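What follows is a short report on a single structure.
Bear in mind the structure is a predicted one, so any value in this text is a computation, not a measurement. Side chains are part of it too, since the values below use all heavy atoms of this structure and drop only hydrogens, waters and symmetry mates. To find a chain, count down the sequence lines: A is the first, B the second, and so on, and within it residues start at 1.
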2 protein chains.
Amino acid sequence: MENEASPRRATVVTLSELAGVAPSTVTRALRGDTRISEATRARILKLAEQHGYAPNALARTLSSGRSGLYGLVLGPASNPFYAELLHEAVREAKERGVRLLIIHAGDGPIEDTTAESLLHYQVDGCIITSAVLSSRAAEICAANRVPLIMVNRVARHHGCFVTCDNHAGGAELAQLLLAGGRTKFAVVGTSSTSSTAVEREDGFVAELARGGVAPMMHFDGHSSYEGGFAAGTAILENAVRPDAVFAVSDIMAMGVLDALRLGGVSVPDQMAVVGFDGVAEAARPIYDLTTIEQPLPLMVRRAFEMLAARSGNHRLPDESISLRGRLIPRGSTGR
Amino acid sequence: MENEASPRRATVVTLSELAGVAPSTVTRALRGDTRISEATRARILKLAEQHGYAPNALARTLSSGRSGLYGLVLGPASNPFYAELLHEAVREAKERGVRLLIIHAGDGPIEDTTAESLLHYQVDGCIITSAVLSSRAAEICAANRVPLIMVNRVARHHGCFVTCDNHAGGAELAQLLLAGGRTKFAVVGTSSTSSTAVEREDGFVAELARGGVAPMMHFDGHSSYEGGFAAGTAILENAVRPDAVFAVSDIMAMGVLDALRLGGVSVPDQMAVVGFDGVAEAARPIYDLTTIEQPLPLMVRRAFEMLAARSGNHRLPDESISLRGRLIPRGSTGR
DNA sequence: TTAAAGTGCGCACACGTTTGCGCATCTCTT
DNA sequence: AAGAGATGCGCAAACGTGTGCGCACTTTAA
């Protein structure tokens with residue numbers, strides 16, 4: 001079919017010559033412009049099909065200004081939450097006909113050179129989860145009109161973000177534990193300045209206070225399984241043990257649970273454990289973890305919507321969306 | 001700094017006007033062409049710096065033919081191996097100054113429309129893990145000279161791939177178990193036609209045969225934690241229990257281990273368990289899983305090298321690389 | 001003194017697509 | 001029958017960068 005001597009891909013110009021029309025006619029026909037007659041359109045579509053025409057999205061960017069590319073900044077691989085978020089983003093991007101450019105993944109901060117590559121590829125926007133953007137990097141994006149959306153975290157005083165209602169979620173978990181008759185609470189937080197973790201903890205502690213209780217123990221660790229495991233181990237070693245543990249993320253709660261299991265503590269009889277995120281792992285029978293499920297699909301959709309709106313109109317003000325999570329009571333809190 | 005009335009980004013033309021030279025001179029100066037005098041070059045570099053010039057990589061693609069974009073097809077989120085692979089790929093891409101375009105993620109096959117978007121963005125190549133490419137999609141890529149590399153899986157009869165030496169790894173695990181005095185073996189495989197799983201199983205069974213033993217049980221399940229858990233549950237229910245279980249992936253082995261734990265089976269005393277992949281989770285004290293670690297960083301690097309070579313020279317023949325994995329003996333096999 | 005080689009840079013086109021403008025032709029309307 | 005609107009399409013410029021070719025000037029060689 002394809003001639004070996006002419007390996008060149010079909011272009012709009014190729015098709016226009018074949019069809020005996022102008023390149024602009026081909027473009028309009030392919031894009032469904034109503035001003036092109038149905039007959040011409042059909043003829044061009046058929047030619048495109050025959051010759052395996054694939055539009056050059058990069059060339060389109062050049063003249064239209066939109067690239068159809070969104071940057072994605074991902075958190076560490078050790079937390080399955082980000083893997084789920086990635087897959088959700090891929091699904092949503094496919095639905096919207098846009099592509100995802102992985103800009104950064106991992107724990108560390110985003111380097112300035114990485115931020116610059118955002119510009120090189122003319123991304124229409126960028127979704128940031130977890131990682132911190134240096135002020136210089138943020139400045140670069142702002143100066144070049146690249147809209148930024150933080151998912152699952154908020155920046156200091158500016159920018160768009162969509163999060164779960166962390167405060168309410170923390171409070172709801174506290175209510176559940178109080179209603180279950182728990183009295184001695186441990187909080188497993190994170191040493192990072194993550195807004196998400198802080199809000200969850202605040203909500204939890206505030207609700208405890210409403211019930212007239214204060215946590216008896218507090219741990220700060222790395223926001224990972226290992227951090228949770230270390231906290232769980234520390235709980236075991238404490239002279240007086242709590243009867244309920246709130247970990248600010250499921251991955252940490254899983255670490256806590258495993259430490260308790262190795263220490264011979266029975267959950268939920270001797271100790272209840274709750275987490276936050278609603279990752280798939282939490283549903284495993286071995287963990288059976290009570291948690292707040294983040295409405296990930298909706299959060300991702302909202303993020304894309306905000307990006308799409310802002311890539312069309314740069315004057316839109318900063319916007320923040322908070323979505324209520326769903327309490328999933330499981331075995332780790334009894335019943 | 002940036003004038004509100006002139007939101008346009010600096011381009012080569014902008015700089016050329018500022019410097020009083022031709023656009024081509026600017027291009028050559030920025031790209032380090034030796035034919036441009038040092039004085040002119042310094043002046044242009046300074047101007048570029050001042051005006052925050054960011055080259056338009058998409059425009060460059062148009063005239064140079066190379067996009068600096070690689071497609072990435074990722075497996076399901078439920079297996080942490082793919083998350084690790086993603087992060088490794090991101091790291092390697094950063095080092096090489098190329099970008100990753102997420103084409104597809106998840107369990108299902110790659111749709112043809114997805115494959116076409118590979119072409120739209122003129123990717124220089126594509127790394128495929130796990131998902132299957134329809135023959136039509138493969139044809140599209142071949143016709144358009146988009147090199148494809150399979151990582152951790154091999155296609156039927158053609159294409160480039162880089163894998164771990166699955167057969168040798170399976171054999172090594174069998175040796176270890178035999179040396180540990182195990183006699184009754186169960187194999188937890190996957191119902192998918194994944195070449196990787198089949199090779200691992202073949203290697204394991206072949207080595208058992210050399211020792212004069214055949215597995216007493218065999219399970220096929222979904223290649224996931226749940227699949228492993230189901231197999232583990234089935235093992236519990238069997239009248240006569242094996243004293244060693246080989247799961248073809250760590251994620252399945254984790255499922256097996258948890259099922260055994262819930263069933264009160266003590267590992268490694270009553271039963272040894274081994275996995276394959278070397279994911280981070282396998283090292284958790286609660287699993288402490290003996291496994292074969294895939295040399296992920298090297299595998300990813302080789303994949304990029306093969307892609308880079310093929311995007312420069314389309315005539316290169318198919319090539320396959322097999323890298324030896326490393327046995328990591330842990331508590332799940334005793335000692 | 002002249003030819004040859006080297007240096008520094010500009011011109012112009014190419015890459016593939018989009019889009020504003022405008023020119024025909026055809027169909028109504030009055 | 002003539003102006004008004006609709007319909008169908010072409011022309012040409014633009015997006016930003018890369019590059020082959022060639023011109024002018026300088027240095028070196030004979």
Given side chain to side chain donor-acceptor pair (under 3.5 Å), test A:T114 with A:S117 step by step and report yes or no.
CA-CA 5 Å; A:T114 307; A:S117 76; 5.8 Å; no

At a heavy-atom distance below 4.0 Å, what parts of residues 29-42 of chain B sit against DNA chain C?
B:R35, B:I36, B:S37, B:T40

Strictly under 3.5 Å: I want the nitrogen or oxygen pairs between protein and nucleotides 10-13 of chain C, one per line.
unit_1: C:dG10; atom_1: OP1; unit_2: B:A22; atom_2: N; d: 3.3
unit_1: C:dG10; atom_1: OP2; unit_2: B:A22; atom_2: N; d: 2.9
unit_1: C:dG10; atom_1: OP2; unit_2: B:T25; atom_2: OG1; d: 2.1
unit_1: C:dG10; atom_1: O6; unit_2: B:R28; atom_2: NH2; d: 2.7
unit_1: C:dC11; atom_1: N4; unit_2: B:S24; atom_2: OG; d: 3.1

Between the opening five pairs and the closing five pairs of the helix from C:dT1-D:dA30 to C:dT30-D:dA1, how far apart are the helix axes, to 10°?
40°

Side chain to side chain donor-acceptor pair (under 3.5 Å) with A:E319: which residues, sequence neighbours excluded?
A:R310

Can you list everything that forms a side chain to side chain donor-acceptor pair (under 3.5 Å) with B:S63? Sequence neighbours excluded, please.
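If we apply the side chain to side chain donor-acceptor pair (under 3.5 Å) test to B:S63, skipping adjacent residues, there are no hits.
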
What residues, two or more places apart in sequence or in another chain, satisfy ring pair (Phe, Tyr, Trp, His ring centres under 6.0 Å) together with B:F304?
B:Y70

What pairs with B:F81 under ring pair (Phe, Tyr, Trp, His ring centres under 6.0 Å), at least two apart in sequence or on another chain?
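Ring pair (Phe, Tyr, Trp, His ring centres under 6.0 Å) list for B:F81, sorted by chain: empty.
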
Interatomic distance where [atom1] belongs to [X] and [atom2] belongs to [N] [whole Å]:
| X | N | atom1 | atom2 | result |
| --- | --- | --- | --- | --- |
| A:N56 | C:dG16 | CG | C1' | 6 Å |
| A:I44 | D:dG8 | CD1 | P | 13 Å |
| B:L62 | C:dT17 | CG | P | 9 Å |
| A:E17 | C:dG16 | CD | C1' | 13 Å |
| B:H120 | C:dT18 | NE2 | C1' | 16 Å |
| A:L119 | D:dT17 | CG | P | 13 Å |
| B:Q122 | C:dC15 | CD | C1' | 10 Å |

Want to settle it: does A:S64 or B:S63 sit nearer the 5' end of DNA chain C, counting the closest nucleotide to each?
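Its nearest nucleotide being more 5', the pick is B:S63.
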
Could you work out, with salt bridge (Lys or Arg N to Asp or Glu O under 4.0 Å) as the rule, every residue matching [X], not counting sequence neighbours?
| X | result |
| --- | --- |
| A:E111 | none |
| A:E49 | none |
| B:R302 | B:E305 |

Can you list every salt bridge (charged side-chain N to carboxylate O under 4.0 Å, His left out) pair that touches residues 69-98 of chain A, not counting sequence neighbours?
A:E88-A:R91, A:R91-A:E95, A:E92-A:R96, A:E92-A:R301, A:E95-A:R301

For residues 17-34 of chain B, run the donor-acceptor check on the side chains, cut-off 3.5 Å, and write out each pair with its distance to 0.1 Å, sequence neighbours left out.
unit_1: B:T27; atom_1: OG1; unit_2: B:P23; atom_2: O; d: 3.4
unit_1: B:D33; atom_1: OD1; unit_2: B:R35; atom_2: N; d: 2.8

Check whether any side-chain nitrogen or oxygen of B:Y53 sits under 4.0 Å from OP1 or OP2 of D:dT17, and answer yes or no.
yes

Under 4.0 Å from OP1 or OP2 of C:dT18: is there any side-chain N or O of A:T27 that close?
yes

Given 3.5 Å as the limit, does a donor-acceptor pair link the side chain of B:T129 with the main chain of B:V151, or not?
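No, because the side chain of B:T129 does not come within donor-acceptor range (under 3.5 Å) of the backbone of B:V151.
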
